[in-house]
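Notes for the one structure printed next.
Heavy-atom basis, side chains included; hydrogens, waters and symmetry copies ignored.
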Amino acid sequence: MKIGELAQRTGLAASRIRFYERIGLLSVAQRQANGYRSYPEEAVLALRLIATAQRAGFSLQELRQLLPEDLEQWQHDELLATLHRKLQSIDLMLVQLTQNRAELGELIAQIEARPEDMDCAGNARRVLSQMRLLGPDEEATGRPAQPSN
């Protein structure tokens, strides 16, 4: 099939398909006499695997190491080990993102709790002080202390 049909069947742009071919993720297509690329049916599956793996968080380098040149040659144990490592990586990211979300929520709550009689700069100093980002001598100005020469 030509690249246009392959693009339509996979939902990928032709430029993306050529890119995957150029970096070695997709086997190089045969050229017809007129110079057009001719892709085998297996290219549809390979591109769907690549797109799915990228959505799952695999980098192009990881995919290059993971995908066999011939999709019939999967290394079962190596594939499972790689998938387990990716799952652990995602779990760690989830923990970090959950922590980041909680910290951001707390920051928002602190900023929104600005006393009625306090201006924005004063509120910023209050919040930065509560977050322990200002030292005692910086609290009055809200600016980091200048180093003495």
Do [X] and [Y] have a side chain donor and acceptor closer than 3.5 Å?
{"X": "Ser129", "Y": "Arg126", "answer": "no"}
{"X": "Arg85", "Y": "Gln88", "answer": "no"}
{"X": "Glu21", "Y": "Tyr39", "answer": "yes"}

N/O donor-acceptor pair under 3.5 Å between Arg125 side chain and Cys120 backbone: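 Side chain of Arg125 to backbone of Cys120: no pair is present.
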Arg64 side-chain N/O to Ile23 backbone N/O, donor-acceptor pair under 3.5 Å: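 Indeed, once roles are kept as given, a pair shorter than 3.5 Å links the two residues.
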Any side-chain heavy atom of [X] sitting closer than 4.5 Å to one from [Y]?
{"X": "Tyr20", "Y": "Leu12", "answer": "yes"}
{"X": "Leu83", "Y": "Phe58", "answer": "yes"}
{"X": "Glu62", "Y": "Leu66", "answer": "no"}

Side chain to side chain contact (heavy atoms under 4.5 Å, CB included) between Ile3 and Tyr36, worked out: CA-CA 8 Å; Ile3 197 165; Tyr36 290 144; over 6 Å; no
Does [X] belong to the same Ile/Leu/Val/Met/Phe/Trp/Tyr cluster as [Y], with side-chain heavy atoms less than 4.5 Å apart forming each link?
{"X": "Val44", "Y": "Phe19", "result": "yes"}
{"X": "Leu87", "Y": "Leu63", "result": "no"}
{"X": "Leu45", "Y": "Met1", "result": "yes"}
{"X": "Leu80", "Y": "Leu49", "result": "no"}

Neighbour count >12 (heavy atoms, 6.0 Å) for atom [atom1], [X]:
{"X": "Gln8", "atom1": "CD", "value": "no"}
{"X": "Gln61", "atom1": "CD", "value": "yes"}
{"X": "Gln54", "atom1": "CD", "value": "yes"}
{"X": "Gln130", "atom1": "CD", "value": "yes"}

Residues forming a salt bridge (charged side-chain N to carboxylate O under 4.0 Å, His left out) with Lys2, sequence neighbours excluded: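 For Lys2 there are no salt bridge (charged side-chain N to carboxylate O under 4.0 Å, His left out) partners, ignoring immediate neighbours.
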For the [atom1] atom of [X] and the [atom2] atom of [Y], what is their distance to the nearest 0.5 Å?
{"X": "Gln110", "Y": "Leu128", "atom1": "CD", "atom2": "CG", "result": "9.5 Å"}
{"X": "Thr82", "Y": "Leu67", "atom1": "OG1", "atom2": "CG", "result": "10.5 Å"}
{"X": "Glu112", "Y": "Asn123", "atom1": "CD", "atom2": "CG", "result": "10.5 Å"}
{"X": "Gln32", "Y": "Ser38", "atom1": "CD", "atom2": "OG", "result": "4.5 Å"}
{"X": "Thr98", "Y": "Met93", "atom1": "OG1", "atom2": "CE", "result": "12.0 Å"}
{"X": "Leu107", "Y": "Met131", "atom1": "CG", "atom2": "CE", "result": "5.0 Å"}

Closest non-hydrogen atom pair between [X] and [Y], with its separation:
{"X": "Met118", "Y": "Arg114", "value": "O-NH1, 2.7 Å"}
{"X": "Ala7", "Y": "Ala13", "value": "CB-C, 4.4 Å"}
{"X": "Arg37", "Y": "Arg18", "value": "NH1-CD, 3.2 Å"}

From CA spacing to verdict: side chain to side chain contact (heavy atoms under 4.5 Å, CB included), Thr10, Leu6: CA-CA 6 Å; Thr10 61; Leu6 183 58; 4.0 Å; yes
NZ/NE/NH1/NH2 to OD/OE distance under 4.0 Å, Glu106 and Arg101: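 Looking at Glu106 and Arg101, the cut-off is not met.
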